[in-house]
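Every chain is numbered from 1 and lettered A, B, ... according to where its sequence line falls, protein lines coming before strand lines.
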Amino acid sequence: MSPKLALLKNILEDLNEAQKLAVENIDGPIMVIAGAGSGKTRVLTYRVAYLLHKGVDAFHVLALTFTNKAAKEMKERVYQLIGSNEAKNVWMGTFHSIFARILRIEGHRLGYPSNYTIYDTDDSKNVIKQILKEQELDDKTYKPGMVLNRISSAKSSLYSTQKYNDDFEIQQQDKASGKPKLGLIFTLYNQRCFRSSAMDFDDLLYNMNVLLRDFPEVLYKYQNLFKYILVDEYQDTNFAQYFIVKQLAANNENLCVVGDDAQSIYAFRGANIQNILNFKNDYPDFKTYKLEQNYRSTKMIVNAANSVIAKNKDQISKIIWTQNNEGAPVQLMRASTENEEGQFIAHSIFENKMNHQLMNTAFAVLYRTNAQSRALEEALRRLNIPYRIYGGLSFYRRKEIKDLLAYFRLTINHKDGEALIRIINYPARSIGKTTTDKIIVSASEHEVSAWEVIEKPHEYNLGLNSGTTEKIRAFVTMIKSYAVMMETKDAYEVAKYIALHSGLMRDLNEDKTPEGISRYENIEELLNGIKEFTEQESKTEEGEPADTSMKTLGEYLQDIALLTDADADDKDDHDKVSLMTIHQAKGLEFPYVYIAGVEENLFPSIQSLGSRADLEEERRLFYVAITRAMEKVFITYAESRYKYGNLNFSEPSRFIDEIDEEFIEFPGSGGPEKRSLQTEERYQPKKSPLKSLVKKPDTSHLTRLKKITENGNNSHTLETDDSSLLQSGMDVEHERFGKGKILNIEGNGPNRKATVFFQMVGQKQLLLKFARLKILK
DNA sequence: ACCGTATTCAGCGCG
DNA sequence: TGAATACGGT
């Protein structure tokens, strides 16, 4: 106990006053307004540690986050603080994962088995497509994605199908928009999911609410279980989430919500900023703490961001400040086209990388829309700058992965209709479309699951020939045999058996195209993941009673059902520049941040110009973008850009003007950025958050700078003189990369660059202006 | 059953 | 512009 106590004390000393108060006030409702970079995670994790330290049992603590990533980070940091044995009993996870877990236990009250399936967005859309077909509705008017959004927001606002259909206003709206059948689709959709023993993402929150509303004993149970509740990113809660928290906390009100209204950027998907603004009404005797000291960014960046967000009306007043260095002003770059914009960014990254000896991970390029990534990618590729795009198709949504997972799902939950339809004829078993259509129609007519129909085909008069009937029987037998196997074998054994026995592996193996090979490898990767899962979990934490029970396939599925791409362990993610939308960048930080496409009608987006609320959300988004940066922000815009195939001219965004001119440098208005940064480096050898990203302490670099200063010379002239002697074929030495051979030289003047093959690190492209190559004789 | 062509659509996206 | 999907022909 005592080493732990010491640890707690140490960290307590690390907290500033506001953070300390937010941690120590464990009783009663508190709201923590946490400015960007103000140590929010630290407060949350330390608060959890503090609760346990005060003798609160771990299982009485509930900590809710929005993303798996946030949950993971929080877990890791709490584990570090107090050790995993105690911490692992804390209920810590995303809203969805925690309530999914509770619904496995309590869902039977609502008619769901504990092995219910969680439908992802694709499954949901497929269900909607089926309904549209059956109802003979036009999928142009009723676009599945749009229908699903409508259903999703209804559920997020706790509207039952009944209420949706009875609500006069909603019905009027739907009629007015030419979609009067939305209510019917909603009803049928819910029925179908229920018959499949499946919940979609919103059902997890919706049904949790039903549980708490209709079963007082359940409400009572969890109110008493969760004596202390913490909610991260409270400004992002939708009504369903807000209401669960409210119910659970109603008894003892030991509720701590943490958020930043200035970073609320998800109103478009149902987040209600009022939840944080109205906290004071819900909990009149609340306390509020503001974390206003920023530990992330330079003064310039903090001030630039402040000057922007000040233009918003709806906000909780706060003053974000920092003790960090002054830093350099935000730098504006104007390009004539989107391609030039990409080039500017790529070159700037290249230069800063060389100049400051930074890793690629020190850089992020942020943009408003995914479509912008193309030009940026191209430019980076041309300079051989490795990058990673976030938000591509997630591993778990690839076809082959979904196919195999569908086998698992159907094995675990036979009623899972989407899984059944997906695999009944894959690999091909001569059960064609006509047959599957008959099964779907019959199931829906008799209001049963598809499995029920194919298990007892005679009771449902499908009118199939004996051959097909036999094939279906074989399929049923196969799935049942998997289920039997699952009783005694662990997840990996069953998974591998299914992958081989079902013919899926064979089918993929026959495809020798590069895509086919990659699909096969993906399946192997999935199986490896399952193996890891099986092994990792069987050796439990030390000191715990040995967990002799094996990990089942069902547990694996539950584990991954709520995972998304962002959670995949980035193996080959060594050292790359990050490309992502601003939304995806929330919660992250980078030394150098480029914000691309800061143009009217793109950012703010044209759709947001109609309402003040929407425009303010765009502004918060811009605020989020700026505050991702630790050292330096670059804002770029292009005067023309292709949109949907035709060239559009664009003007710089109004947001650029909203940055107070003290904190922004316009093109040509100041010296080249190189100068100010070098100056900073020379005169303010600070304890920089950049340190960990610098490849090595690099004292030679400093010595060199000093030497240059003494000489009264600058690096530029020195380097050009040296580098003009370089030719391809020469052996050279780089202070960091070591010895190498020049393969090629191209470009002129300051853009002259060399392709060098280094013995240590392989091929690199270097701008000679910065590379300081030494010629070896 | 499958492949190539036509058509359509285009904002951000947690789980 | 280009990707994703629907459709139609063989």
Starting at atom [atom1] of [X], determine the distance to atom [atom2] of [N], rounded to an integer number of angstrom.
X       : N       : atom1 : atom2 : value
Y390(A) : dC14(B) : OH    : C1'   : 17 Å
I151(A) : dG15(B) : CD1   : P     : 21 Å
F201(A) : dG15(B) : CZ    : C1'   : 4 Å
I595(A) : dC12(B) : CD1   : P     : 17 Å
D139(A) : dC9(B)  : CG    : P     : 10 Å
I606(A) : dC12(B) : CD1   : P     : 15 Å
Q372(A) : dG2(C)  : CD    : P     : 16 Å
D122(A) : dG13(B) : CG    : P     : 16 Å

(request) Check T581(A), D236(A), T67(A) against K586(A) for a side chain to side chain donor-acceptor pair (under 3.5 Å) and give me the one that passes. (result)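 Testing K586(A) for a side chain to side chain donor-acceptor pair (under 3.5 Å) against T581(A), D236(A), T67(A) leaves exactly one candidate, D236(A).
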(message) When you compare the side chain of L103(A) with that of L211(A), does any pair of heavy atoms fall below 4.5 Å?
(response)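 When only atoms from C-beta onward are counted, L103(A) and L211(A) do touch, with a gap below 4.5 Å.
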Choosing from [options], which nucleotide comes nearest the side chain of [X]?
X       : options                   : result
F66(A)  : dA10(B), dC14(B), dC12(B) : dC14(B)
Y644(A) : dG11(B), dA3(C), dG15(B)  : dG11(B)
H583(A) : dC12(B), dC14(B), dG11(B) : dC12(B)
R374(A) : dG15(B), dA3(C), dA10(B)  : dA3(C)
R368(A) : dC14(B), dG15(B), dC12(B) : dC12(B)
S605(A) : dG13(B), dG11(B), dA10(B) : dG11(B)
K140(A) : dA10(B), dT8(B), dG13(B)  : dT8(B)

(message) For the base of dC12(B) and the side-chain ring of F268(A), does the geometry meet a stacking cutoff of under 5.5 Å between centres and under 30° between planes?
(response)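 One would call F268(A) stacked on the dC12(B) base.
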(request) Would you please classify the geometry between the Y594(A) ring and the F634(A) ring as parallel, tilted or perpendicular, with 30° and 60° separating the classes? (result)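 The arrangement is parallel - the two ring planes meet at less than 30°.
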Respond yes when some side-chain nitrogen or oxygen of [X] is under 4.0 Å from OP1 or OP2 of [N], and no when none is.
X       : N       : answer
Q584(A) : dG13(B) : yes
N370(A) : dG13(B) : yes
N68(A)  : dC14(B) : no
K143(A) : dA10(B) : yes
S97(A)  : dG15(B) : no

Taking the [atom1] atom in each of [N] and [M], what is the distance between them to the nearest angstrom?
N       : M       : atom1 : result
dT5(C)  : dC12(B) : P     : 16 Å
dA3(C)  : dC14(B) : C1'   : 24 Å
dG11(B) : dA6(C)  : C1'   : 24 Å

(message) Return whichever of S608(A) or G432(A) has its heavy-atom-nearest nucleotide of DNA chain B closer to the 5' end.
(response)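 Its nucleotide being nearer the 5' end, the pick is G432(A).
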(request) Could you pick out which residue, I431(A) or T121(A), lies toward the 5' side of DNA chain B when each is mapped onto its nearest nucleotide? (result)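 Of the two residues, I431(A) wins.
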(message) Using a distance-only criterion (donor-acceptor N/O pair, under 3.5 Å, no hydrogens), is the base of dG11(B) paired with the side chain of E618(A)?
(response)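 Counting by modelled atom types and ignoring angles, a donor-acceptor contact under 3.5 Å is found here.
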(request) Return yes if a side-chain donor-acceptor contact under 3.5 Å exists between E340(A) and T337(A), otherwise no. (result)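 No pair is found: no donor N or O on one side chain lies under 3.5 Å from an acceptor on the other.
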(message) Can a side-chain donor-acceptor contact be found between T141(A) and D138(A) if the only test is distance below 3.5 angstrom?
(response)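 Looking only at side-chain atoms, T141(A) and D138(A) do form a donor-acceptor pair, the distance falling under 3.5 Å.
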(request) Verify whether the ring centers belonging to Y159(A) and F186(A) lie closer than 6.0 Å. (result)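 Not under 6.0 Å, so no.
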(message) Taking the basic N atoms (NZ, or NE/NH1/NH2) and the acidic carboxylate oxygens, is any pair closer than 4.0 Å for E134(A) and R192(A)?
(response)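 The answer is yes: the pair qualifies as a salt bridge.
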